[in-house]
2 protein chains.
Amino acid sequence: MMQPTRKDEIIKTAAKLFKEKGYSAVTMRDLATAMGMKAASLYNHISSKQEILKIIIISIAEDFTQGIDVIYNSESNNLGKLSQVIELHVKIATNNTYGMASLNNDWMHLEGQLDYYLSLRNKYEATFLNIIKDGIASSEIKAVNPEIIMFTMLSTLRSLFLWIPKKEDLNANDLANSLSRILIQGINK
Amino acid sequence: MMQPTRKDEIIKTAAKLFKEKGYSAVTMRDLATAMGMKAASLYNHISSKQEILKIIIISIAEDFTQGIDVIYNSESNNLGKLSQVIELHVKIATNNTYGMASLNNDWMHLEGQLDYYLSLRNKYEATFLNIIKDGIASSEIKAVNPEIIMFTMLSTLRSLFLWIPKKEDLNANDLANSLSRILIQGINK
DNA sequence: AGAGCAGACTAACAAGTGTTAGTTTTGAAT
DNA sequence: ATTCAAAACTAACACTTGTTAGTCTGCTCT
């Protein structure tokens, strides 16, 4: 681990503020104050507010798309793959609680990279859906509308960033296990 | 049903714009353009941008808090109550797709009513959690961490507004039934 | 000691923000 | 036709926005 550059610190601080108020409501002066400097000084490190958003969102989106590809091509059965997807989300959300907020809420404010972001998201969802469809075809998964299954799982997983900070006592493994149990086995006894 | 006043139309249009870009990124001039008028004219009908947000969010939040109270005090067993909660969310999200976006994403921009909103939300979540705890105590529900169960369900239900518009072919009853099945019974066969 | 430079600063800009004041248009009721 | 209020308009305001230009400070390497 290299020590973080000043640019890294700015991006991390920005992500924290974006989580609290959203990209549009955070001004460069807010960010500067949080960094203990003046707004103009930020531009010694970054080229624009937009660049900050791009760096935050795109890197995470690429992690997801790449991660699910590895899972999809692995040897597990389909329920196993879904458990791995849950682990992937828990891991990324744990390591990047602030950035996940921007990914979820501020992707529409991407200017140059909006199309690229959407292509990553579409690819991700298509692969996710394929795992579910394969699981239905192989009778591992109930024959419910696969899009509703994906929606249910994805809504939960995408909201993890909201809950993880409140449950610091819960470690990542326990959380992933509980989620797998609930999402896959259901809650009824 | 009375015909909508001009104020109603402004609020509805605002909610639509807020869903697309968020409260902070929508300007009064954006809203005016969408209404086919000039920004200053909006103030013949509303007193501030903030008032619009308040009206959108508080009315829905009150619907939820009131709705879950009725369910909690009903005679069903606890799994039945959870199914009713799912129906409540599907119903409100169907009737108010745009407003749900603000409720989820822009509540922190409430100025005068933030405390009131948070009290409604806390009350709602406390009641939800009570249903789950009662269900575990009565052996209807698996003895998993009740907060994780609530988190899973609530994440899905709060995200409904994102998916409902894409699935117009799906009626509210079918959706509620599928969700109940997935969330309560799980997805494995 | 001095050079060089990363990284802070002050000052300012053009454009955009929510909102107000005052005026004109519109359309229904008398 | 006149009245009158609802609801549109124009013009302007004070403030905030992201960003640039130019300058000063302080550390590191010779």
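All figures in this text were calculated on a predicted structure; none of them were measured in a lab. Lettering follows sequence order; numbering is per chain, from 1.
For dA6(D), the OP1/OP2 oxygens have no side-chain nitrogen or oxygen of H45(B) closer than 4.0 Å. For dT19(D), neither phosphate oxygen OP1 nor OP2 lies less than 4.0 angstrom from any side-chain nitrogen or oxygen of K49(A). Proximity of S41(A) to the phosphate of dC9(C): a side-chain N or O atom is located under 4.0 Å from OP1 or OP2.
Q50(A) places its CD atom 9 Å from the P atom of dT19(D), with the value rounded to the nearest Å. Regarding L31(B), its CG atom lies at a distance of 10 Å from the P atom of dG18(C), rounded to whole Å. Between the C1' atom of dT19(D) and the CG atom of D30(A) lies a distance of 16 Å, rounded to the nearest Å. Rounded to whole angstrom, the span from the CD atom of E9(A) across to the P atom of dG7(C) amounts to 10 Å. Separating the CE atom of M37(A) from the P atom of dT25(D) is a distance of 18 Å, rounded to the nearest angstrom. Distance, I52(A) CD1 to dG18(D) C1': 11 Å, rounded to whole Å. Atom CD in E51(A) sits about 14 Å away from atom C1' in dT19(D), given to the nearest Å. Here the P atom of nucleotide dG18(D) and the OH atom of Y43(A) are 7 Å apart, to the nearest Å.
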Steps toward salt bridge (charged side-chain N to carboxylate O under 4.0 Å, His left out) verdict (K7(B), E51(B)): CA-CA 11 Å; K7(B) 181 170 182 173; E51(B) 186 203 3; 2.9 Å; yes
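Each of dT10(D), dG18(D), dC9(C) was ranked by its minimum atom distance to the side chain of A40(B); first place goes to dT10(D). When the nucleotides dT19(D), dT19(C), dC9(C) are ranked by their closest atom to the side chain of M28(B), dT19(C) comes out on top.
Counting any heavy atom pair closer than 4.0 Å across all strands shown, R6(B) reaches sugar-phosphate atoms only and no base atom.
When atom types are taken as modelled, the side chain of N104(B) and the backbone of R158(B) share a donor-acceptor pair closer than 3.5 angstrom. With hydrogens and angles ignored, the 3.5 Å screen pairs no side-chain donor or acceptor of N96(B) with any backbone N or O of I92(B). Using a distance-only test at 3.5 Å, with no hydrogens or angles considered, no donor-acceptor pair links the side chain of H109(B) to the main chain of Y23(B).
For R29(B) against dG16(C), no side-chain N or O and base N or O form a donor-acceptor pair under 3.5 Å.
Ranked by how close their nearest DNA chain C nucleotide is to the 5' end, I46(B) and N44(A) are led by N44(A). Mapping Y23(A) and K38(B) onto DNA chain D via the closest heavy atom, the residue that lands nearer the 5' end is K38(B).
Side-chain contact, E140(A) with S138(A): a donor N or O sits under 3.5 Å from an acceptor N or O.
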